[in-house]
Amino acid sequence: MRRALAGIALAVTSMVALSFLIPLALLVREQARDRVTTAAEQRAAALSPVLALTTRRADVQQAVAELGSADQLVVRLPDGGFVGTPHAPEEALDRAVRGRETLAVDTPDGWAYLQPVVLRGERVAVVEAYVPAADLTRGVAASWGVMALLAVGLVGGSVLVADRLGARVVRSSRGLKRASLALGSGDLGVRVEPDGPPELQEAGVAFNTMADRVVDLLAVERELVADLSHRLRTPLTALYLEADRMGASPSARRVTEAAGQLERELDSIIAAARTPLASAQAAGAGAGVSKPCDVAEVVAMRLDFWSVLATQQERPFERSLTPRPAPVAFPEDDLAAVVDALIGNVFRHTPQGTRFLVRVERHDRHVHLTVDDAGPGVADPGAALTRGVSVGGSTGLGLDIVARAARTADGELTITRAPLGGARVRVSFALADADAGGSGHR
């Protein structure tokens with residue numbers, strides 16, 4: 001933008017300067033010529049009275065010497081003789097004598113002015129005032145140089161002013177850009193100092209207002225999440241009471257364990273929601289570095305948990321886990337939530353007794369987690385992958401959690417038809433850099 005403004009200023013100022021300088025330069029040259037030619041005409045006119053009184057050579061030479069040099073003032077006497085050295089062509093002199101008319105003649109070396117003087121007896125003398133070519137343009141070059149320097153100064157000054165203005169605009173624009181990128185990256189404390197033209201200052205004020213509004217909205221949202229999570233403690237307490245009534249049976253133990261896990265999740269949600277925004281930003285800045293976990297190990301652990309319910313519902317299931325390490329840079333708790341969401345969808349959306357298969361495969365750069373079932377399948381996979389859309393009467397958050405986890409781990413989520421006849425949900429995770437090329441066995 002600075003170059004554009006400087007280029008515009010250069011072009012406009014140059015055109016304006018040229019539009020004035022060219023006519024002014026021609027005028028200066030004409031003024032210099034007029035000045036010396038007028039002086040020559042005055043010298044020629046001053047010699048006319050002398051010729052009217054006498055045409056003696058000695059007297060005329062004395063008068064020429066008093067008025068100017070013999071090279072610039074020449075007299076042709078009535079008898080054809082000359083006082084001085086003529087510069088005008090002979091035909092011009094003859095024409096002035098015969099026609100008795102004043103002539104101005106350009107010669108190869110300068111300019112000559114011929115003024116005839118009619119004497120008694122119809123005799124004619126001619127006064128020639130000569131101006132060398134150097135005198136015609138004396139001072140013109142210096143004047144042109146001064147005007148050129150003035151034009152260069154004006155053009156340079158306008159370009160400098162435009163560049164400073166452009167630098168101010170660019171600086172303000174870059175500040176807005178950096179602040180916008182920082183806000184988009186999660187730095188909610190970034191603000192800009194309004195600077196630059198009035199329009200950019202207004203944009204800076206609007207940006208600060210928007211950032212403050214975002215902080216307020218996030219604070220309200222976090223409070224709402226904390227309040228909603230806290231409300232879940234009431235039914236959780238009811239679950240604990242119900243487990244106490246069931247005694248020491250295996251079912252009561254499983255209910256107590258599930259309730260304890262749910263309570264820990266609620267505590268973490270409330271703690272995260274109550275965390276000040278500044279601390280949350282700092283935590284978000286370091287969230288990109290997480291301890292790697294093994295996909296196969298996490299899947300095996302969660303399958304052990306779900307196997308109890310599968311046995312109760314008479315659901316046959318198979319597992320196929322890669323023997324090679326499959327580390328991913330993803331938190332273990334989040335990966336467990338992904339596995340629970342996938343397997344939980346099988347239990348929620350397929351009849352009891354439906355078979356399912358869980359497979360973990362390692363490839364060159366990714367780990368694939370696949371869950372197949374023999375249920376009715378997913379009629380519209382595109383709708384199922386749409387955020388918040390339910391295809392089976394649920395909230396639609398399960399697949400959204402899985403999809404966001406896949407994107408976080410540089411992978412993807414796909415839904416197709418499984419060989420078992422139902423749905424196949426496949427999630428890919430990028431291998432952790434440290435072990436991306438490993439080939440060891442567990």
Side-chain angles (χ1 to χ4, degrees), residues 1-9 161-226 268-269 271-293 328-331 333-335 337-338 365-366 385-388 397 399-413 427-434 436:
M1 188 174 184
R2 292 177 60 182
R3 290 183 178 179
L5 289 176
I8 293 174
V161 171
D163 180 73
R164 292 297 89 200
L165 178 61
R168 186 183 178 193
V169 173
V170 170
R171 182 172 60 251
S172 302
S173 302
R174 288 178 176 173
L176 277 175
K177 174 188 174 182
R178 288 192 297 267
S180 300
L181 293 176
L183 182 64
S185 301
D187 185 3
L188 301 181
V190 65
R191 297 295 184 272
V192 298
E193 185 68 27
D195 190 15
E199 293 80 4
L200 286 178
Q201 293 183 13
E202 294 175 1
V205 173
F207 175 85
N208 292 338
T209 303
M210 178 193 67
D212 294 338
R213 181 60 175 164
V214 168
V215 172
D216 294 340
L217 291 176
L218 286 177
V220 171
E221 181 181 358
R222 297 174 73 85
E223 290 295 331
L224 179 60
V225 171
S268 64
I269 292 175
R274 296 297 186 184
T275 302
L277 288 179
S279 301
Q281 295 165 16
V289 180
S290 58
K291 182 179 179 181
C293 64
V328 294
F330 200 67
D333 292 342
D334 293 346
L335 182 57
V338 169
R365 296 185 178 274
H366 287 80
L385 293 177
T386 302
R387 179 179 176 86
L397 294 178
L399 287 179
D400 182 63
I401 293 174
V402 177
R404 284 190 287 111
R407 289 193 296 268
T408 303
D410 193 20
E412 61 178 355
L413 167 66
V427 189
S428 66
F429 302 94
L431 283 169
D433 294 338

Smallest separation among heavy atoms of [X] and [Y], with atom names:
{"X": "A430", "Y": "D410", "value": "CB-CB, 3.8 Å"}
{"X": "F429", "Y": "V338", "value": "CZ-CG1, 4.3 Å"}
{"X": "P194", "Y": "G204", "value": "CG-C, 4.4 Å"}
{"X": "A329", "Y": "A432", "value": "N-CB, 4.1 Å"}
{"X": "F330", "Y": "A405", "value": "CZ-CB, 3.4 Å"}

For the [atom1] atom of [X] and the [atom2] atom of [Y], what is their distance to the nearest 0.5 Å?
{"X": "M210", "Y": "S180", "atom1": "CE", "atom2": "OG", "value": "6.0 Å"}
{"X": "R178", "Y": "S173", "atom1": "CZ", "atom2": "OG", "value": "10.5 Å"}
{"X": "L176", "Y": "R171", "atom1": "CG", "atom2": "CZ", "value": "12.5 Å"}

Exercise for the section: Take L413 and R407, measure what side chain to side chain contact (heavy atoms under 4.5 Å, CB included) needs, and give me the verdict at the end. Expected result: CA-CA 8 Å; L413 167 66; R407 289 193 296 268; over 6 Å; no
Heavy-atom side-chain proximity of [X] to [Y] below 4.5 angstrom:
{"X": "D195", "Y": "L200", "result": "no"}
{"X": "R191", "Y": "D212", "result": "yes"}
{"X": "P292", "Y": "V328", "result": "no"}

Handout entry: Residue list, side-chain contact (heavy atoms from CB on, under 4.5 Å) with A406, at least two apart or on another chain
Key =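 Here the qualifying residues are V427.
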